[in-house]
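Letters go in sequence order (proteins before strands), and every chain restarts at 1.
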Amino acid sequence: MAETNEEVAVLVQRVVKDITNAFRRNPHIIDRCHMHPAASKPRLYHCMEREHGSSIYKMRKNQQRRLGRKELILSGTLNPIKDLHLGKLALTKFPKSPETWIHRRWVLQQLIQETSLPSFVTKGNLGTIPAERTQRLIQEEMEVCGEAAGRYPSNYNAWSHRIWVLQHLAKLDVKILLDELSSTKHWASMHVSDHSGFHYRQFLLKSLISQTVIDSSVMEQNCLRSEPALVLPKDEEAAASTEEPRINLPHLLEEEVEFSTDLIDSYPGHETLWCHRRHIFYLQHHLNGRFPQSMTQLSPADSPGGTLSDLHLIPAGSQLSQAMEVDGLNDSSKQGYSQETKRLKRTPAPDSLGLEMEHRFIDQVLSTCRNVEQARFANAYRKWLVTLSQ
Amino acid sequence: MKLYSLSVLYKGDAKVVLLKAAHDVSSFSFFQRSSVQEFMTFTSQLIVERSSKGTRASVKEQDYLCHVYVRNDSLAGVVIADNEYPSRVAFTLLEKVLDEFSKQVDRIDWPVGSPATINYTALEGHLSRYQNPREADPMTKVQAELDETKIILHNTMESLLERGEKLDDLVSKSEVLGTQSKAFYKTVSTQHLPPRCSLQRTVAACCFWHSLL
């Protein structure tokens, strides 16, 4: 029995209405869907069948053509915002689910492309900043990613999505980057083995560096040639004033080093923290060397005396093959390292005062620590520093 | 980093008695919480049973670490944490709790006590406060004296069992686990590994918490 497209559309509308009402009545409905943890795909609609029985099941039986969520959105039947909400609920049960994140990015792209409202506005001397609507979307995504990151350790998919949102929705807006840096600090300190979380901080700092270089070359400022003396205004009013927000990059990096020291001392034996320290040291050195962008990754697994890593490191080659390529700045780890040693050999030696301080830090750790792993990581870090100055 | 449970027990000659327990199972899905709680109690009791008086140990299983301290006077404490939570702070917490408990609850009540009869209410507060180790214990960095003490490290729950002993049997015999928990345990342990090797199954069975997340 052939049905007209209109009849199908009506049925679909009923289904979507049912789902929306069910969620509205009971947002925790997703919890009652007993899905086996080993299940690979979030069968959201199947779950709704069980909970909500009749109408959806009947619809399934009747329809000729199965409508996916993309079609529902494109046809205007399913509101993208509602779809995002559904996705958010699905992520509470399946925080890693790649399909959910991929679909989410598709929906967000639809939202920013289709609307007639601009997603960015010009604001005085601040250049372009995200419009309020975009800001809300960004904030919501930050929250969703944060929750998913808390549900599964080192949730690469969640953090990659977070990076994607900053790149594509926020366009690496400096204020947002700074906000993210401060708002994720506490989370990172409570998840000291979450490699993806710390990698996110590295991404934020790298982006701030690259954005500053872009700004300065556009604005013809001297901030990289002399000591950057200007400090970021702390309050909202200052940001909204005609003054453009300026960043004290060396200060930010120093703070991150202090943060790293604090965590390494308080929580001995976490490789993630040492790995993070290498990245920060490298960024500092890079900044001092006054080199512009295209910074490659330094994977500790490749360094001599490299420690074994059962943590998955920042995008290895296989992960880069993902369609979205969130971390476009990185080469695959091994390639990046050899390219980097060549580059390092050509550049001036890293700032000797900085190196000296790091060696003293290592000495202090080794003299007081009783954790075998901590000693191992400290020694590996020392060897890595030595290769930098060769 | 997370603390999941904190328990005070008594290591009697015949058996181990649970005196008081506090749990934080908020990260587990709603319908699994009571089972998880029961399994944590079961595990805490088992660990104390298999630990000698006057010892401290940490038992690792997947992403969980169970820290136990059995005092010479048979009072014992177990804290179940994740693998990020610093063990130094966990043992500080146990020391503090047992010290406080022994001052508030008469020794004569220990061998025959139960959570219903024991009058000690500070456990929930301690568990909640210690979720953030640096807030709870700012002097964490200078806990040198505790590091002097030898802490036995077990890499799996299985190493606590005797040769030939099966976790499945212990589970089915347990008085602490309700029928629903036992049934759930059976489903989980059979679904995760084909029973080609009973040793593997025993180890896999210990990972039930992981599967519940």
### Cation over ring face, Lys185(A) and Phe259(A), 6.0 Å, 45°
yes
#### Entry: Lys/Arg cation over aromatic Phe361(A): Arg277(A), 6.0 Å, 45° cone
yes
### Query
How would you list, by chain and number, every residue that makes a salt bridge (Lys or Arg N to Asp or Glu O under 4.0 Å) with Glu258(A), sequence neighbours excluded?
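If we apply the salt bridge (Lys or Arg N to Asp or Glu O under 4.0 Å) test to Glu258(A), skipping adjacent residues, there are no hits.
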### Message
List the residues meeting salt bridge (Lys or Arg N to Asp or Glu O under 4.0 Å) with Glu84(B), not counting sequence neighbours, and say none if there are none.
### Response
none
### Region of Asn132(B) in contact with chain A, defined by heavy-atom distances below 4.5 Å
both
### Per-residue contacts, residues 69-79 of chain B versus chain A, heavy atoms under 4.5 Å
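Contacts with chain A: none.
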### Task
Check Glu256(A), His199(A), Arg201(A) against His276(A) for a side chain to side chain donor-acceptor pair (under 3.5 Å) and give me the one that passes.
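Answer to the side chain to side chain donor-acceptor pair (under 3.5 Å) test with His276(A) among Glu256(A), His199(A), Arg201(A): Glu256(A).
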### Region of Thr368(A) in contact with chain B, defined by heavy-atom distances below 4.5 Å
neither
### Query
If you look only at pairs with a residue in residues 169-180 of chain B, which of them pass as a side chain to side chain donor-acceptor pair (under 3.5 Å), with sequence neighbours excluded?
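Of all non-adjacent pairs touching residues 169-180 of chain B, none passes side chain to side chain donor-acceptor pair (under 3.5 Å).
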### Message
Counting the benzene-type ring for Trp, do Tyr4(B) and Tyr64(B) have ring centres under 6.0 Å apart?
### Response
yes
